[in-house]
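Only one structure is covered here, and it is reproduced in the block below.
A note on names: the letters A, B, ... follow the listed sequences, proteins ahead of strands, and every chain is numbered from 1. The shown structure was predicted, so the numbers you read here are calculated from the model rather than taken from an experiment.
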Amino acid sequence: MKKILIIEDDKDIARLLVTQLKSQYQVHIAFDAVQGFRTMQQEKPDLLLLDVSVPAGTGISIAEKTLELPHLAGTPFIFISANQDPAIRKRALELGAGGFFNKPWDAQELLDAIKKAIGD
Amino acid sequence: MDSETKAKFVDLFEDYSKNLPEKIQYIDELAKRLQDQWDADLFSEFYRKVHSLHGSAGVYGYIVLKQLADGLEAYLKPFLASSVDLKALNFQKITSDINALKKAWHDTSSEKALSIFLKSNIITGDAGEKNEKNSNHRR
């Protein structure tokens, strides 16, 4: 089973994502950027699902840092965000995000983007 | 959708709904504490709680709450920058916005919110078919 790491500080959102994805993927959660990097090193996920706004960093900074690390650089990532700022969406896509979903997202569309990014 | 799957999502919704008044109440308490004594860390927490409500309320089907929290978040966001004069923060507006959040919670039908929540969040497997129909239509 492929692994997804969700970095999302809102526990209600994280629980929902786990419920949506756990039948098809092994799901790990981190509630801030620091915990996210630690879990990333340990679990080597096949995909990152990043909230844009997380404590101790941002989803964008996590993606940027991941791209700089040779052993993690190929990990695909998808953003979810309540932030409507087009500059953030633009930056996310420039970094090579497999998708950018505003909250509330459509679960099926998110799953389709995950499958495409992860190569299922 | 099978009943077991639906039950899991209904449980999530009920947990969220049960805790929602507490979340709004906490935002209210933080605003009052800030009004009594300014503290940058407290403001940061206040902003995060409003941001979190903005994100989660929409996901759980509480659309009016999402819109109101979005408005309050947009008002607060510039004050996160160190260059902005924090004395300009209008607590009358903030209190009014928080009261609107409380009213929206009381006025929202949980059945309607649940219906929106289930529609967006349960994976039915028919989105591919929908996309195919749309692309056929365009052709």
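- Both the backbone and the side chain of A/Leu16 come within contact range of chain B, with heavy atoms under 4.5 Å apart.
- Listed here is the closest heavy atom pair of A/Asp12 and B/Tyr60: O-OH, 2.7 Å.
- A/Leu50 and A/Val34 fall into different hydrophobic clusters, where Ile, Leu, Val, Met, Phe, Trp and Tyr are joined by side-chain heavy atoms under 4.5 Å apart, directly or via other members.
- Under the 4.5 Å side-chain heavy-atom criterion for ILVMFWY residues, no single connected hydrophobic cluster contains both A/Leu72 and A/Leu49.
- Neither the backbone nor the side chain of B/Asn19 comes within less than 4.5 Å of any heavy atom in chain A.
- Between B/Lys23 and A/Asp10, no side-chain nitrogen of the basic residue sits less than 4.0 Å from a carboxylate oxygen of the acidic one, so the salt-bridge criterion is not met.
- Interface remark: B/Phe9 contributes side-chain atoms only to the contact with chain A (heavy atom separation under 4.5 Å).
- Taking hydrophobic clusters as Ile, Leu, Val, Met, Phe, Trp and Tyr residues chained together by side-chain heavy-atom distances below 4.5 Å, B/Phe13 shares a cluster with B/Val64.
- Between A/Trp105 and B/Val59, the closest heavy-atom pair is CZ3-CG2, 3.6 Å.
- When the side chains of ILVMFWY residues are joined at heavy-atom separations under 4.5 Å, either directly or via intervening members, B/Phe91 and B/Leu76 end up in a single hydrophobic cluster.
- Residues A/Pro104 and B/Lys66 meet the side-chain proximity criterion, which asks for heavy atoms closer than 4.5 Å.
- The 12-atom threshold is exceeded at NZ of B/Lys102, counting heavy atoms of other residues, nucleotides or ligands nearer than 6.0 Å.
- For A/Glu94, the side chain to side chain donor-acceptor pair (under 3.5 Å) partners at least two apart in sequence or on another chain are A/Lys90, A/Arg91.
- Only the backbone of A/Val54 has a heavy atom closer than 4.5 Å to any heavy atom of chain B.
- Taking OG of B/Ser120 as the start and CD of A/Gln108 as the end, the distance is 12.5 Å to the nearest 0.5 Å.
- Note: B/Arg48 leads B/Lys8, B/Lys119, B/Arg48 in heavy-atom pairs under 4.5 Å with chain A.
- A continuous path of hydrophobic side-chain contacts links A/Ile88 to A/Ile62 [ILVMFWY only; heavy atoms under 4.5 Å].
- The nearest pair of heavy atoms linking A/Ser53 to B/His51 is CB-NE2, 3.4 Å.
- Remark: the backbone N or O of B/Ile123 is not paired with any side-chain donor or acceptor of A/Gln20 at under 3.5 angstrom.
- Not one N or O on the side chain of B/Tyr16 forms a donor-acceptor pair closer than 3.5 Å with the backbone of A/Ile13.
- Taking OG from B/Ser56 and CD from A/Glu8, the interatomic distance works out to 9.0 Å, rounded to the nearest 0.5 Å.
- Heavy-atom contacts from other residues, nucleotides or ligands closer than 6.0 Å to CD of B/Gln92 number 12 or fewer.
- Contacts of A/Asp9 with chain B are made by side-chain atoms alone, with heavy-atom separations under 4.5 Å and no backbone atom involved.
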